[in-house]
Amino acid sequence: MPDAAAPTASAKLPLRRIAGLLGGIVLAVLASLPLSRLFGYSPAPFYDRTLLGRYELFSPFTGVRHKFIIIGSCEVSIPVFANDVADPHLAPRTGADAWLGNVANDVLQADEKGAGDAAFYDVAAPNTNLPHHIALLREALKADHVDAVLYVNGLGLSHTTTPADALETEAVLEALAREYPAASGAIESYGRLFRASEPYRQGEARYGPDWRRFVDPRTLTFEAPGADTLNATFSRPPADGVRATLQFYGTELRRVLREEIGGGAFALRQAADALGGFTREQRSDTLRRDLAWADAQVLPGDPVVTRHEDDVYLDGPERDLNHAWFLMLAELVKARGARLVIYAQPMLAVPPADYRAKFVPHYIDRLKEWLAPYAPVFIDHTIAHDLTAADFVAECPDGNCSHGLVSSGYWANLPGRVKQARLLIRDLVADKLIDASPRAAAAPERAPPRCIRYNDDPAHCVNWDG
Amino acid sequence: MLARLQAWAAAHDAALRDILTGIMLVIALGLLLNRGLFGLETGEGWTVSYGNF
């Protein structure tokens with residue numbers, strides 16, 4: 001009898017042990033979830049609005065009392081260290097520490113005294129234009145302690161969206177009107193013009209008068225099957241092959257696992273931060289290491305800059321929409337009790353002559369005229385900067401780097417972002433938006449002599465400093 | 001009370017070890033996946049596909 005019973009007991013043993021192990025795993029995951037919710041904020045923002053709430057801008061534990069939020073399109077939302085010269089295609093390498101906000105935070109702490117409770121945050125995504133920016137603004141304004149919204153544009157002045165995006169924008173406008181009654185007049189003024197636009201009419205015709213049933217009530221994203229919203233391109237797998245799809249889901253799985261079972265790690269980091277600015281130090285070290293790497297990536301030749309062609313900026317066919325949109329922006333920021341900063345970032349894409357003849361009258365001066373009652377702060381570094389062609393990301397035309405290099409002249413790389421951040425912070429301190437004082441007397445600005453070649457006349461160069 | 005607890009723990013020693021192993025596994029995986037939070041990441045970035053933008 002004992003001989004017959006022995007195998008049964010030993011067979012039960014692994015099952016009991018596996019059950020114990022699984023029980024432990026379940027217990028640990030259950031314990032991790034609330035810690036993840038409480039402390040698990042991402043140090044980098046997300047393009048996907050449905051995830052943006054996990055960005056540390058919204059963490060209640062940052063200790064930041066003065067938040068400066070950067071809203072814009074690809075010129076600020078592609079975090080590039082530099083082109084990798086070891087790569088045959090000179091592919092740009094990116095990473096979270098190259099976001100403008102992250103760079104600016106490090107420069108702020110390094111250059112200024114007394115700015116310990118101020119920080120920059122990026123709420124931006126590539127390929128976005130004005131309707132998308134209003135959705136990003138709505139998310140950003142949910143944060144506490146928002147001192148200022150830095151709005152970056154000049155190149156993405158358009159209201160053209162897909163029909164699905166137009167409906168999503170309308171849902172956002174309706175929500176904003178409810179959430180900010182003081183700004184509802186300005187929102188309605190823009191909404192009236194926007195609803196008369198072709199994409200909106202197409203959207204209503206395609207999805208019917210009850211299209212709101214496709215709007216996710218939490219994220220306000222338009223979720224009709226196959227809807228081609230911009231946010232869907234960030235939140236759904238790409239449609240270009242099995243490998244890309246698998247890669248997408250692999251990254252997603254890793255992100256979800258990292259967030260859900262990382263509660264202990266997040267709590268540990270929070271404790272280290274409470275003891276002595278651990279995260280800040282760590283990011284500063286990472287930034288310095290990546291900056292050293294970026295400095296070593298010397299491109300084989302000077303890139304030719306793509307000249308930005310726009311004769312009218314805000315004064316084109318969508319002038320009324322532009323006017324209503326910027327009034328809405330100013331009203332919303334005012335209703336939230338924050339300052340509006342119109343920030344024209346450093347560029348090479350707009351040469352000095354074009355800047356004076358077109359950009360200033362049709363963008364800067366027009367905004368000064370429209371927004372005069374709100375007295376926003378204007379920071380215009382479009383040509384007033386010390387960046388060179390090497391401070392922007394370059395591309396190889398048609399993927400062939402032996403044909404020369406082309407630069408957008410507006411996607412700054414990591415060294416470019418450091419220069420950009422220095423100029424930005426200098427002006428924010430001078431305008432008293434940041435209460436700090438320089439650690440050392442500012443060195444006289446000595447921009448290197450710059451003669452920039454443009455794609456429309458690569459044989460000659462434009463003297464930027466003459 | 002403590003003596004009863006100790007007796008109970010001794011009686012269920014094997015099961016408690018298994019549960020603890022499960023908990024440690026999750027904690028270790030959580031730390032591993034989030035090693036970037038503690039400066040242990042290798043610093044590898046990721047490359048941008050211009051097609052996405």
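Throughout, a chain's letter reflects where its sequence line sits, starting with A, and its residues are numbered from 1.
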### salt bridge (Lys or Arg N to Asp or Glu O under 4.0 Å) partners of Asp398(A), counting only residues at least two apart
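Partners of Asp398(A) under the salt bridge (Lys or Arg N to Asp or Glu O under 4.0 Å) test: none.
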### Task
Only counting residues at least two apart or in another chain, list the ones meeting salt bridge (Lys or Arg N to Asp or Glu O under 4.0 Å) with Asp84(A).
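Asp84(A) satisfies salt bridge (Lys or Arg N to Asp or Glu O under 4.0 Å) with Arg93(A) once adjacent residues are dropped.
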### Query
Would you say Arg37(A) has more than 12 foreign heavy atoms packed within less than 6.0 Å of its CZ?
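More than 12 within 6.0 Å, yes.
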### Query
Can you tell me if CD on Glu281(A) sees more than 12 non-hydrogen neighbours from other groups inside 6.0 Å?
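At most 12 heavy atoms, drawn from other residues, nucleotides or ligands, come within 6.0 Å of this atom.
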### Message
As an exercise, state the distance from CG of Asp18(B) to CD1 of Ile18(A), rounded to the nearest 0.5 Å.
### Response
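Here the interatomic distance stands at 9.5 Å.
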### Query
Roughly how far, to the nearest 0.5 Å, is the CG atom of Leu29(B) from the OG atom of Ser32(A)?
10.5 Å
### Task
Quick one: closest heavy-atom pair of Ile25(A) and Gly22(B), and the distance?
CG1-O, 3.6 Å
### Task
For chain B, find its close neighbours in residues 257-271 of chain A: heavy-atom separation under 4.5 Å, sorted by number, or none.
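Listed by number: Leu257(A), Arg258(A), Ile261(A), Gly262(A), Ala265(A), Phe266(A), Leu268(A), Arg269(A).
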### Message
My understanding is that only residues two or more places apart in sequence, or in another chain, count here; which of them pass ring-ring contact (aromatic ring centres under 6.0 Å, His included) with Tyr249(A)?
### Response
none
### Between Ile23(B), Leu31(B), Ile27(B), the one whose heavy-atom pairs under 4.5 Å with chain A are most numerous
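Ranked by contacts with chain A, first place is Ile23(B).
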#### Entry: Close side-chain approach of Ile19(B) and Leu27(A), heavy atoms under 4.5 Å
yes
### Summary
So, the part of Leu20(B) with a heavy atom under 4.5 Å from chain A: the answer is neither
